Structures are given as structure tokens and as C-alpha cells.
Amino acid sequence: MSKASGLSYGWIVVAVGAMMTCVAFGSMLSLAVFLQPISEAMGWSHSGISAAATIDFLAMGVAAFFWGALSDRYGTRIVVFLGTLLLGAGLIGASQATSLWQFQLAFGVLIGISAGAFYAPMVAAASAWIEHRRSLAVALVSAGMGVSPMTVAPFASWLIASYDWRTAMLVIGIVAVALLIPASLLVRRPPEPSTPAAAHGTGAPDGQWTIAQALRTPQFITLALAHFACCAAHSGPIFHLVSYAMICGIAPLTAVTVYSLAGFSGLGGRLLLGLLADRFGAKHVLVGGLFVQALSIATFLAVGQLGEFYALSVVFGLAYGGVMPLYAVLVREYFGVRIMGSVFGAVSAFASLGMALGPLAGGWVFDTFRAYNWLYVGSFAIGLAAVTVALSFPSAKRPSQSSLDLERAAA
């Protein structure tokens, strides 16, 4: 495959990755739409149904490393294909559940495990295909997650209104399989990296990391802790944003638009910070984004009017959405392509634990104090910790201009 055709196909892989993350994560996060209809039809408690969401994140975190390792060893195509089968089985199985534990098993465990098969492996694949606009490519794959609330959730809502929750979930499962199986066949192994550093990472001992070496490095620990703290900081404020706006006197339907605007801004943030990272370096943009995220979280304590909520949700969404793809870029720069799936899968596992922590902590804070103030105080402190940890990550070494000139001459 020529360089030009390889570059063109790389963007096809990026588009496939964006579609996969949209469908997979949209299906998982659509539980918010199903919550009330399932509770009314089955008589199950809201907390019991919502527990499936916590199980989703925990299962995804545990599975992410193993999917990434399988992707490194056997290729991304088989991983996303198996993930598609599990996603379909989870949705279809949950649609037929007759007891709460069956629903939690199908929607929580199966769908959670399947979700881990898409994000880290497809981010690694896109990063391996695209070298010169890598941050943008990773951001576009991640952007599929940002689009999902505007696609799968409305589709689910329409199906529920037209039929019932079981039919709606069954149809989503069938559609997901019908879309993702052909898409998985479009995923190909990337071409060989153009430089040894691209294959093995800029900091590898003797030019090559092993997985065991990588997972013991301060660099991996730094990224994992930063991603955990980042997600633990923003997951609670995101999950409880609608409730907090309502407590401040915003009408329920209007409060949902505040949440939707934050999600839409997150989509823009992924693209904006991805472009900035290509220009200024992923580490610097990550630190700046995390700092803005922390300040935004603290500012929620000072807002109360609808216009203030709208303005803050834009800034908050740009920050929390924009930083998410940058961890993958740093993994790629430091550890290289060869083991990126494994390493980023392990980093993503810590992120999933952070995502699972925030909603539970926010619920406990509100139940205990009948207010969300301490949620935002705690999330702000964790956000500042994420900034501090990210600052300690060493910038990837860039090749000298003379070496770049030699590479161009050789090409």
C-alpha cells in the first residue's frame, strides 16, 4: 500500500472508530432514557436499574486492558467483532429480562465488557494509521462518544414512545449488530511505522518496551492516576448536573438542555484540543484543559441563573470533553504503537473506575447533606490533583530537525 493510499484509508479507520464508539457508548448510556419506563413497567427501583450503569463502568474498566492486549496480539478487527457480538447479546438479553438480576447481568456486565472492546482498541488503531495529525484522529474517534447522546438516545426515546421498552431495546440491539459487524470488517492492520520511535516509543529501553516494563514505569502510573482523577472529578458534576440545576430553580426540561449543551460542547472540545495538541504538544494542552476543568467545577458553586448555567456548561464541556483523547496521544508518543492497545487499555481501566466513583459520591453527598456543595468542593480538589499529576509527566522527546531531514530524504 502506498503512503497516499495508506493515509486515505487511515481516515476511513478513524470514521469507522467514531461510528463504533457512537453506537456502543450510545447504547450503554441510553439507560438514562429507559430508566423511568422500565421502572414503571417492571416495578424495579430506580437505584436497582441505575446500578447497571455502575456495573457497566466497572466491567468496562476490568475488560479494557484485556481487549487492548488482544488487539495488540491478534489485531483490532477480531476484537471489535467480538465486542459487537457481546453488545448485541447484552441488549437483546436485557430486553427479555424478567428479573432485576438478569437485567443487571445483561445490561451491566455484557454491555460493559463489550464497550471496552471499542474505545481503547480503535483509538490505538487510529493512532497507528495516522502519524502527522494523530491528536485530531484520536479526537475524532473519541468524538463518537460525544455524538451518541444526540443519536442513540433520541432514537431510543422514539421507539419507547411508539412501542415499549422491551421492543425499543431489542431493536437497538439488532441495529447495533447490523451496523457494527460490517464496520468491523473495514478495520485493517495499520502499515509499519515510518520510524523506530513511532513503533516502540520515545522512551523505551533499547528502543522497545515490553508490557510488563511499561506498566511499571512512572510514566504509566502518572497517566493512569491523572486519567482516574480527571474522570473522578468530572463524572459526578456531569451525572448530577440536571438535578443541581433543578435545585437552583431551573425547570426540569430546561435543566436537560443545560446537560445537552455541555455534551455538545464536549464534542467541540475534543476537536479543538486535538488540533491544539497537534500544534503545541499533548502534555501542555492536557494540563491547560485539566486546569480549566477544575476551575469550571468550582464555578458551579457560584451560578444560579439559566444564562450562567448555559455559559458555564459550554466551558465545562469544552474542557472535560477536550482532555479525554489526549491521554491516548501521550501513550502513543511515549510507549509507541506496538503495545499501545495494552497500555492505553490499562490507563482506560483507571478512567472507568473514576467514572464509576463520581455518580456514587454525588448521590451520597446529596443524601447526607441535602445539597451538592461538597460534591463540587471535592471534585474541584480532585481536579487540581489531576493537574498536578499531569504536570509531572515528561514531554515526549521530539526528533531533531536534522533527523527529520534525513527521514524525508530517505522517503
Side-chain angles (χ1 to χ4, degrees), residues 28-29 31-36 38-40 43-61 100-101 103-104 107-108 112 225-260 262-263 290 293-306 308-309 312-313 315-317 319-320 349-389:
M28 184 176 78
L29 298 176
L31 182 60
V33 178
F34 283 97
L35 178 60
Q36 187 64 27
I38 292 176
S39 180
E40 291 176 353
W44 300 337
S45 68
H46 280 216
S47 60
I49 300 169
S50 299
T54 299
I55 296 171
D56 274 323
F57 283 114
L58 294 176
M60 183 174 66
L100 181 59
W101 73 266
F103 181 82
Q104 291 171 339
F107 201 98
L225 291 177
H227 209 353
F228 169 83
C230 167
C231 291
H234 69 228
S235 60
I238 292 171
F239 190 84
H240 294 280
L241 179 55
V242 174
S243 297
Y244 180 62
M246 291 169 61
I247 289 172
C248 292
I250 308 299
L253 290 178
T254 307
V256 173
T257 66
V258 176
Y259 171 79
S260 298
L290 288 173
Q293 173 184 271
L295 291 180
S296 300
I297 291 169
T299 307
F300 273 109
L301 291 169
V303 302
Q305 304 299 316
L306 180 60
E308 296 171 345
F309 269 103
L312 184 55
S313 68
V315 178
F316 180 48
Y320 83 72
F350 281 84
S352 297
L353 294 177
M355 290 298 296
L357 177 64
L360 291 175
W364 178 84
V365 166
F366 184 79
D367 288 341
T368 303
F369 301 101
R370 309 308 301 174
Y372 282 114
N373 290 6
W374 285 110
L375 168 65
Y376 292 103
V377 171
S379 295
F380 170 64
I382 297 173
L384 288 182
V387 175
T388 303
V389 174

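None of the values given here were measured: they were computed from a predicted structure.
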Flag side-chain contact, heavy atom, 4.5 Å: Tyr372 against Leu301: no
Closest heavy-atom pair and its distance - Gly48, Gln104: O-NE2, 2.8 Å
Heavy-atom side-chain contact between Ser296 and Leu312 under 4.5 Å: yes
Sequence-distant partners of Gln305, side-chain contact (heavy atoms from CB on, under 4.5 Å), two or more places apart: Glu308
Rounded distance [0.5 Å steps], OG in Ser352 versus CG in Leu58: 8.5 Å
Worked check of side chain to side chain contact (heavy atoms under 4.5 Å, CB included) between His227 and Phe350: CA-CA 7 Å; His227 209 353; Phe350 281 84; 5.5 Å; no
Point-to-point distance, once rounded to the nearest 0.5 Å, from OG1 of Thr54 to CE of Met355: 10.5 Å
Heavy-atom pair of closest approach, residues Gln293 and Cys230: NE2-O, 3.5 Å
Cys231 side, atom SG; Ile238 side, atom CD1 - distance, nearest 0.5 Å: 8.5 Å
Polar side-chain atom of Tyr244 near backbone of Ala371 as donor-acceptor pair, under 3.5 Å: no
Chi angles and distances behind the side chain to side chain contact (heavy atoms under 4.5 Å, CB included) call for Leu290, Val389: CA-CA 10 Å; Leu290 288 173; Val389 174; over 6 Å; no
Under the ring pair (Phe, Tyr, Trp, His ring centres under 6.0 Å) test, residues paired with Phe380 that sit two or more places apart: none
Straight-line distance of Tyr376 OH to Ile297 CD1, nearest 0.5 Å: 9.0 Å
Minimum heavy-atom distance between Ala229 and Ile382, given as atom pair plus value: O-CG2, 3.3 Å
Ser235 (side chain) donor-acceptor with Gly354 (main chain) under 3.5 angstrom: yes
For Phe228, all residues meeting ring pair (Phe, Tyr, Trp, His ring centres under 6.0 Å), sequence neighbours excluded: none
Evaluation steps, side chain to side chain contact (heavy atoms under 4.5 Å, CB included), between Leu357 and Phe57: CA-CA 9 Å; Leu357 177 64; Phe57 283 114; over 6 Å; no
Smallest separation among heavy atoms of Ala226 and Ala386, with atom names: O-CB, 4.0 Å
Residue pair Ile49 / Leu100: nearest heavy atoms and the distance that separates them: N-CD1, 4.1 Å
Residues forming a ring pair (Phe, Tyr, Trp, His ring centres under 6.0 Å) with Tyr320, sequence neighbours excluded: His234, Phe316
Ring geometry between Trp364 and Phe369 (parallel below 30°, tilted from 30 to 60°, perpendicular above 60°): perpendicular
Which residues share a side-chain contact (heavy atoms from CB on, under 4.5 Å) with Ala245, sequence neighbours left out: Ile250, Ala255, Phe309
All ring pair (Phe, Tyr, Trp, His ring centres under 6.0 Å) counterparts of Phe103, not counting sequence neighbours: Trp44, Phe107
Ala294 versus Gly383, closest heavy-atom pair with distance: CB-C, 3.9 Å
Side chain to side chain, Val365 and Asn373, heavy atoms closer than 4.5 Å: no
